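To start, the structure under review is shown below, and the notes come after it.
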Amino acid sequence: MSKRTIVAMPGDGIGKVVLQEAIRVLDAAGFEAEYVNGDIGWDFWCNEGNPLPQRTLDLLEKHKIGLFGAITSKPKDAAFDELSPALKEKNLVYASPIVGLRQHFGLDICMRPCLTYKGNPLNFIRRGRDGGVEEPQVDVVIFRQNTEGLYGGVEWSDPPQQVYDALMTHPKFRKNFGMHPKDEVSVSTRIFTKKYTGRILRAAFEHAKKYGYKSVTLCEKPNVIRETSGMMYKMAKEMQKADYPQIPLWNTNIDAQMMWLTKNPEDYGVIVAGNMFGDIASDGFAGLIGGLGFAASAQFNPDSGIGVFEPTHGSAPKYADYAVSIVNPIAMVESACMMLDFIGENDRAKHIRKAVADVVSEGKVRTYDMLKMTGKADVVEKGAASTTQMADAIIAKL
Ligand code: NAI
Ligand code: MG
């Protein structure tokens, strides 16, 4: 088989460190690939005025599969201040390159698994009926619509007159907002389309079917957000009835889901939601299995086969300059496993996951987060594993 080419996009801060370590793990697992570097992130904003240069888009278009570390994002004004002086005249506005990637390639399916590793000291525990301590085994996969909804970017402060006039045709807008001057009104839209709502629902049901999950839960708020959540719920019911009658469809509201999260997380299987609620639900569940050091994610477009695999965490700038990196590489390694699954290297993914599980359950090598230390440069002296030592331990198990 010819070698695969993977676009490696380290980005900023700890993204650079964890990506490098994940590639070492992939190498050790015998995955044969060539990695080409994709420029993305803060330096490219400051020096070129574009955090997502066209050459990176071209590379992904060509090679289809990307591994991504993390980027640093800053608010519009702060971003402008750091722009190189020569570019300041050009009316450039900073936009997050990861959102840009999603929109450019229509990476509409986002998948975030939350799986309890045995022996992880960060696992959620609760008090059982008999007063004893229980540690539920969480195995949830969140499917988040990744391109629409509240993160779709269709928003205004002081909206254009036509938009304002259109809003004024809605009786609720007239009654509840119409008394405020236009320039004191900000609007962020929540747009769902049937096409992309259908695709995320389909992906969720297919995943449940393929891997034998006992239910699919729609986590929205159809009783209040009647048009968008309501449409999604209606479509989910129809799809389940027509194509997946053997998989029960549950319906929870996002707020209640967050409240009940800790009550019975082991009862959930696949969860599907729109963009923002999927983001919230996945962070909530990730908290039960170890948090940012463990939370992985995949985003892809099933039509083009383009996929980008990344940890949920950001660039953690305060740890970026440590001489010895202390952050946990497992989230990035898990994301690399999702990439392997996506390209059909399932056995290799399984092999790596088993190695991670063995290291975690053995408990000899633990990064600072797993030891519940405050993240400081001296944690390695105090017995925490460095990023590299954790990757070494995983490699040793392979
Ligand atoms: P963050 O995820 O970078 O860090 C928050 C805290 O979580 C860290 O200070 C650290 O205590 C912990 N943490 C994160 N990753 C860890 C790991 N692998 N191991 C152990 N502990 C870990 O989020 P923050 O501080 O809110 O944002 C920093 C920058 O990252 C911002 O510029 C933000 O915009 C960006 N960001 C980028 C994301 C992406 O690239 N997809 C996602 C989230 C934030
Ligand atoms: Mg998030």
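Counting convention: from 1, in listed order, for ligands and their atoms alike. Keep in mind it's a predicted model, so treat the numbers as computed, not measured.
For ligand 1 and V327, the ligand atoms under 4.0 Å from any heavy atom of the residue are 17 (C), 18 (N), 19 (N). Atoms of ligand 1 found under 4.0 Å from any heavy atom of A70, numbered from 1 in the order shown, are 40 (O). Contact atoms of ligand 1 toward T72: 32 (O) (distance under 4.0 Å to a heavy atom of the residue). Atoms of ligand 1 found under 4.0 Å from any heavy atom of T312 (numbered from 1 in listed order, with element): 42 (C).
For the residue pair T228/R190, the side-chain donor-acceptor check at 3.5 Å is satisfied. Between the side chains of Y268 and D139, no donor N or O sits under 3.5 Å from an acceptor N or O. Checked by atom type, the side-chain pair Q145/T197 shows no donor-acceptor distance below 3.5 Å. In the model, E206 has no side-chain atom that pairs as donor or acceptor with a side-chain atom of Y211 under 3.5 Å.
Nearest protein heavy-atom neighbour of atom 5 (C) of ligand 1: L292 CD1, 4.0 Å. When only non-hydrogen protein atoms are considered, atom 28 (C) of ligand 1 lies nearest to P317 CD, 3.4 Å. For atom 20 (C) of ligand 1, the closest non-hydrogen atom on the protein side is Y368 OH, 3.5 Å. From the protein, the heavy atom lying nearest to atom 33 (C) of ligand 1 is S73 N, 4.0 Å. Closest protein heavy atom to atom 30 (O) of ligand 1: S315 N, 3.1 Å. Counting protein heavy atoms only, atom 14 (C) of ligand 1 is closest to H313 CB, 3.7 Å.
Using a 4.0 angstrom heavy-atom cutoff, T367 does not count as in contact with ligand 1. For the ligand labelled ligand 1, residue I14 lies inside the 4.0 Å heavy-atom shell.
No close placement of the F177 and Y164 rings is indicated, their centers lying 6.0 Å or farther apart. Aromatic ring centres of Y94 and W42: separated by under 6.0 Å. Residues F309 and F342 place their aromatic rings such that the two centres sit under 6.0 Å apart.
For the pair K3 and E32, the salt-bridge criterion is not met [side-chain N within less than 4.0 Å of a carboxylate O]. Residues D58 and K62 are not paired through a salt bridge, judged by the lack of any N-O separation under 4.0 Å between the basic side chain and the carboxylate. A salt bridge links D392 to R24: one of the charged nitrogens lies within less than 4.0 Å of a carboxylate oxygen. Using a 4.0 Å cut-off between charged nitrogen and carboxylate oxygen, D108 and R199 count as a salt-bridge pair. Ion pairing of D243 with R202 is present here, as a side-chain N (NZ or NE/NH1/NH2) and a carboxylate O approach within less than 4.0 Å.
The proximity of E310 to ligand 1, defined as any non-hydrogen pair under 4.0 Å, is limited to the side chain.
Of the listed residues (D12, N328, I71, V18), the one carrying the non-hydrogen atom nearest atom 37 (C) of ligand 1 is I71. The closest heavy-atom contact to atom 10 (C) of ligand 1, among the options W42, F294, Y319, F68, comes from Y319. When the heavy atoms of S325, G291, G314, P311 are ranked by distance to atom 44 (C) of ligand 1, first place goes to G314. Among K318, K74, M370, the residue whose heavy atom lies nearest to atom 9 (O) of ligand 1 is K318.
Residue A316 has at least one N or O atom closer than 3.5 Å to an N or O atom of ligand 1.
Protein heavy atoms are found less than 4.0 angstrom from atom 7 (O) of ligand 1.
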